[in-house]
2 protein chains.
Amino acid sequence: MKKKQIAFEKLQDHYVARAEIIKALAHPTRLFIIDRLSEREHCVCELTDMIGADTSTVSKHLSVMKNAGIVSSDKRGLQVWYSLKVPCILNFFGCIEETIRQGAREHMDLAKSGKC
Amino acid sequence: MKKKQIAFEKLQDHYVARAEIIKALAHPTRLFIIDRLSEREHCVCELTDMIGADTSTVSKHLSVMKNAGIVSSDKRGLQVWYSLKVPCILNFFGCIEETIRQGAREHMDLAKSGKC
DNA sequence: TGGCTAATTGGTAATATAGCCAAGTAATGA
DNA sequence: TCATTACTTGGCTATATTACCAATTAGCCA
């Protein structure tokens, strides 16, 4: 078991790198932004209007995702246009949806069986 | 723009639900656990040995993932055996790896061009 | 140049997360 | 029944994240 622990330590860096990217996805507003960027690029002002938060808040969400390599930005005139750099992330959402549905189903089963 | 903001509010709950699941993935130790559970079920004691943290810490990581519907548990005798409930999550990791590689590549390009 | 708009950055307070230790629960078997 | 093992839960501190406001930067054009 000492051996296995060393195995974890060796892999640790890699899991940290993975977790960094996943953390950059783990916020409702950022998921909303990703969905919007999956359709077309948007400037910060458009996203800010849709979300209804402070510009600085939206800008910071975008910079978190940019640092993680999920989106890229392009300054054109006064505006900065963001686009989705890694569309394969969208495939993942299908799996998340499945997990949500599964959870809802089980919750209903529990309710039916009178356990909650 | 008011219209769009309302659209976000309506979807908000759904994005919160998605984010909950993704948050449950967003930790190096939990990613390690998912990889181990993708091979076979494990009891808490096995995972604790591999990870080298306190049992309570590992137990809490598992309960975060269980609440999110990612893993399921089965108590048999003294031990509790955990297994991966949503294997489709593994597909996602390919996309994360691609993002990591892409990031590394760009970093190298920057270094070559003398910009860092 | 000066004023305007779009976006980013710094500061700060509120909240959430992670880890360990200690205490509690549950199954087993002497 | 009592001790042991496996796990969970509560309590606590340290750290990270989020959101807003204020200040700053950058591009545009009169």
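Quick caveat: nothing in here was measured; it's all calculated off a predicted structure. By convention in this document, chain letters (A, B, ...) are assigned in the order of the sequence lines, proteins followed by strands, and residues within each chain are numbered from 1.
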Are B/Lys66 and B/Ser72 close enough that a side-chain donor and a side-chain acceptor fall under 3.5 Å?
no
Is it the case that the side chains of A/Glu97 and B/His14 hold a donor-acceptor pair, with the cut-off being a distance below 3.5 Å and no angle test?
yes
Short question: side chain of [X], backbone of [Y] - any donor-acceptor pair under 3.5 Å?
| X | Y | value |
| --- | --- | --- |
| A/Ser59 | A/Thr55 | no |
| B/Thr57 | B/Ala53 | no |
| B/Glu46 | B/Cys43 | yes |

Should the pair [X]-[Y] be classified as a salt bridge under the 4.0 Å nitrogen-to-oxygen rule?
| X | Y | result |
| --- | --- | --- |
| B/Asp54 | B/Lys60 | no |
| A/Glu41 | A/Arg76 | yes |
| B/Glu106 | A/Lys85 | yes |

Of all nucleotides in DNA chain D with an atom under 4.0 Å from a non-hydrogen atom of chain B, which is the first and which the last going 5' to 3'?
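In short, chain B contacts DNA chain D from D/dT5 to D/dG11.
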Where along residues 65-82 of chain A does a heavy atom fall under 4.0 Å from DNA chain D?
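Within this stretch, A/Lys75, A/Gly77, A/Leu78 sit under 4.0 Å of the strand.
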Give me the first and last nucleotide of DNA chain C, going 5' to 3', that has any atom under 4.0 Å from a heavy atom of chain B.
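The contact span of chain B on DNA chain C goes from C/dT17 to C/dT28.
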Need one value for A/Lys60: base, sugar-phosphate or nothing, where a base atom within 4.0 Å counts as base even if backbone is also close, heavy atoms only.
base
Heavy atoms only, 4.0 Å cut-off, all strands: where does B/Ser63 land among base, sugar-phosphate and nothing?
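No contact.
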Salt bridge (charged side-chain N to carboxylate O under 4.0 Å, His left out) between B/Asp35 and A/Arg18, intermediate numbers included
CA-CA 12 Å; B/Asp35 266 359; A/Arg18 276 192 188 182; 3.6 Å; yes
Centre of A/Phe32's six-membered ring, under 6.0 Å away, within 45 degrees of the axis: is that where NZ or CZ of A/Arg30 sits?
no
Tell me which of A/Ala26 and A/Ser56 sits closer to the 5' end of DNA chain D, going by the nucleotide each one is nearest to.
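The residue mapped nearer the 5' terminus is A/Ala26.
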